[in-house]
Amino acid sequence: MTAVHYENFVNLKYKPKEDDLICQFRVTPAKGYSFKDVCSIVAGESSVGTWTEVSTMNPQIGKLLAPKVYFLDEKNKRCRIAYPIELFELGNLPEILSSVGGNIYGMNSAEELRWEDVRIPEKMLNSFKGPQFGIEGIRKYLGVHNRPLVGTIVKPKVGLTSEEHAKVAYDAWKGGCDIVKDDENLTSQDFNKFEKRFLLTMKACKQAEKETGEKKVYFINCTAECDEMIKRIKFVEKNGGNYIMLDILTLGWSALQTARKHTKLPIHAHRAGHAMVDRNPEHGMTMEVIAQFARMIGVDSLHIGTAYGKMSGSKDEVLHIEEEIENKFTEQTKKNLSQKWFNVKPVFGVASGGVYPEIVPKIIDFMGNDVVLQAGGGIHGHPFGTESGARAMRQAVSASMKKIPLGEYAKTHVELEVALNTWKK
């Protein structure tokens with residue numbers, strides 16, 4: 001018989017290899033199971049293990065493919081597992097996710113299970129395309145190098161006609177936004193068809209560029225069934241589009257890989273649906289793991305939260321996600337694994353969800369200049385309208401870059417003054 005029973009996967013003397021995929025889990029055992037046993041079950045069930053010994057595998061192959069639980073921290077319910085790269089089909093993220101996380105969340109032995117972090121080896125990274133443009137490429141296109149980018153989401157999310165949508169976008173660009181994007185649930189409804197919206201909004205984009213002397217981009221939501229998604233992406237490319245947006249989790253990892261393969265445009269990743277898997281701190285998958293895989297596949301910008309807005313996510317969590325997607329290397333800590341990104345370009349972190357001018361200095365202070373400040377209601381809710389709301393956001397950025405308190409800067413910038421008074425509570 002081969003040694004594939006669940007209890008055989010703990011080896012605290014094991015030193016991970018450079019090519020190992022390392023996954024960190026937070027494990028809460030079910031009643032009647034020990035922490036060590038459940039960690040071993042997680043490793044076994046996601047690889048060559050079964051609930052009983054079997055005689056159907058070559059012992060040498062079983063030994064080669066067996067992952068190792070090499071780190072246990074029962075106090076903090078944390079374990080680290082090294083998976084041999086031979087377990088995976090490179091370039092196939094659905095298979096990788098099915099292997100590591102496909103069955104383990106349904107095991108009776110684990111009351112709760114949280115995939116906290118991942119260290120992706122160079123060989124696996126090289127089997128994916130990574131971002132086409134990254135931070136440097138987006139900045140070069142826009143000609144903006146020394147400040148955060150300012151973006152908005154057309155509001156309301158749905159309900160505007162294509163003409164109304166284009167007008168809101170124009171006002172935002174005219175007021176100073178670099179970016180205008182669709183929201184996650186606007187695709188091609190009867191009241192606002194995809195093709196018409198795109199053509200009218202890009203016309204508004206070009207007009208705003210001419211009037212402001214600044215480059216602008218439009219993130220149009222191409223999320224759809226895979227064939228239709230590609231059709232829409234090609235329509236955008238053919239008709240002068242400069243960016244696409246995809247709801248990467250509801251779309252699916254396979255479709256995201258397909259989109260990355262077939263488009264010449266930068267990809268904005270909306271994380272719609274992420275909280276279904278990452279909200280519970282004891283169960284599911286962290287936003288950090290989602291972000292790492294999104295970078296590996298090749299998005300160019302990604303929602304990561306603000307810590308100060310309306311969405312959940314602590315300051316430490318948001319900052320670490322930003323470091324993971326924007327840096328070349330992150331160090332190993334007690335809570336996180338290291339990651340070296342080699343030649344994979346960095347991804348622009350997008351702060352979105354309840355952003356408005358007053359919190360701009362706070363966001364810049366802890367997220368730095370390489371961030372997209374994306375406000376919806378914080379722009380369109382301005383009493384003077386969308387254009388003034390966009391001006392207020394740009395003014396808040398300018399004040400922050402000059403280290404001038406917003407209240408002081410607002411004395412000579414009426415749009416900012418009105419915004420501060422509007423949302424002071």
Side-chain angles (χ1 to χ4, degrees), residues 131 134-135 138-139 142 144-155 157 172 175-184 217 219 243 245 247-249 266-275 278-279 286-288 290-292 294-295 299-327 346-382 389-390 392-401 406 416 419-420 423:
I135 294 174
I138 302 306
R139 285 197 176 281
L142 288 169
V144 179
H145 301 283
N146 299 311
R147 64 165 172 82
L149 302 183
V150 176
T152 192
I153 314 99
V154 173
K155 297 291 183 179
K157 292 185 175 188
C177 283
D178 306 294
I179 297 163
V180 172
K181 66 174 285 292
D182 293 346
D183 223 329
E184 75 280 355
V217 290
F219 297 1
Y243 224 114
M245 168 185 150
D247 299 334
I248 64 171
L249 291 172
I267 298 172
H268 172 66
H270 195 295
R271 61 177 184 169
H274 75 98
D278 72 13
R279 183 76 182 262
T286 62
M287 183 61 209
E288 179 178 343
I290 294 169
Q292 286 181 263
R295 180 177 181 178
V299 305
D300 297 280
S301 51
L302 171 68
H303 289 247
I304 60 173
T306 68
Y308 293 104
K310 68 181 182 180
M311 309 302 285
S312 64
S314 69
K315 182 177 178 180
D316 289 343
E317 177 187 357
V318 172
L319 182 59
H320 190 76
I321 295 170
E322 184 185 29
E323 291 172 346
E324 195 68 88
I325 65 172
E326 293 188 354
N327 292 348
V347 175
F348 241 127
V350 178
S352 184
V355 174
Y356 61 104
E358 188 171 341
I359 65 174
V360 164
K362 294 180 179 180
I363 297 174
I364 295 176
D365 183 59
F366 91 92
M367 296 183 76
N369 291 343
D370 282 335
V371 63
V372 179
L373 300 167
Q374 198 158 264
I379 284 179
H380 307 301
H382 195 284
M393 280 293 294
R394 278 289 291 267
Q395 290 163 6
V397 170
S398 295
S400 300
M401 301 307 293
L406 293 189
L416 179 59
L420 295 179
W423 291 298

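Just so it is clear, the model here is predicted, and its values are computed rather than measured.
The residue from Asn369, Asp365, Ile363 that alone fulfils the side-chain contact (heavy atoms from CB on, under 4.5 Å) condition with Met367 is Ile363.
In this structure, Asp370 CG and Asn327 CG are separated by 9.5 Å, a value rounded to the nearest 0.5 Å. Considering CD1 of Ile325 and CE of Met287, their distance stands at 7.5 Å, rounded to 0.5 Å. Atom CG of residue Leu142 and atom CG of residue Leu149 lie 6.0 Å apart, to the nearest 0.5 angstrom. A distance of 5.0 Å separates CD in Glu322 from CD1 in Ile304, rounded to the nearest 0.5 Å. Between Arg147 atom CZ and Ser400 atom OG the span is 12.0 Å, to the nearest 0.5 Å. Annotation: the span from Ile135 atom CD1 to His145 atom NE2 amounts to 13.5 Å, rounded to 0.5 Å.
Glu184 places a side-chain heavy atom less than 4.5 Å from the side chain of Lys157. Counting heavy atoms from C-beta outward, Ile138 and Ser301 have side chains that stay 4.5 Å or more apart. Side chains of Gln395 and Leu406 form no contact here, defined as non-hydrogen atoms less than 4.5 Å apart. Between Pro148 and Met401, some side-chain heavy-atom pair lies under the 4.5 Å cut-off. For the pair Met393 and Val355, the minimum side-chain heavy-atom distance is below 4.5 Å. Using a 4.5 Å heavy-atom threshold, the side chains of Leu302 and Ile248 count as touching. Contact annotation: the side chain of Ile290 never approaches that of Arg271 to less than 4.5 Å [non-hydrogen atoms, C-beta and beyond].
Taking the six-membered ring where tryptophan is involved, the planes of His268 and Tyr243 are perpendicular, since the angle between them exceeds 60° and thus also 30°.
Minimum heavy-atom separation, His380 to Ile153: NE2-O, 2.8 Å. Minimum heavy-atom separation, Gly151 to Ile379: O-CD1, 3.9 Å. The nearest pair of heavy atoms linking Gly354 to Ile359 is O-CD1, 3.6 Å. Of all the heavy atoms in Ala272 and Leu249, the pair that sits closest is O-CB, 3.6 Å. Considering all non-hydrogen atoms of both residues, Thr152 and Gly376 come closest at OG1-CA, 4.0 Å. For Ala392 against Pro357, the heavy-atom pair with the smallest separation is CB-CG, 4.1 Å.
Within the 3.5 Å criterion, the main-chain N or O of Ile267 finds a donor-acceptor partner in the side chain of Asp300. Proximity of a side-chain donor or acceptor of Glu326 to a complementary backbone N or O of Gly349 within less than 3.5 Å is detected. The closest donor-acceptor contact from the side chain of Arg139 to the backbone of Gly134 lies at 3.5 Å or more, if one exists at all. Panel note: side chain Arg295, backbone Glu324; a donor-acceptor pair is recorded below 3.5 Å. The closest donor-acceptor contact from the side chain of Thr306 to the backbone of Ser352 lies at 3.5 Å or more, if one exists at all. Distance alone, capped at 3.5 Å, places no donor-acceptor pair between the Asp247 side chain and the His270 backbone.
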* Asked: Can you check side-chain contact (heavy atoms from CB on, under 4.5 Å) on Val372 and Asp178, steps first, answer last?
  -> CA-CA 9 Å; Val372 179; Asp178 306 294; over 6 Å; no

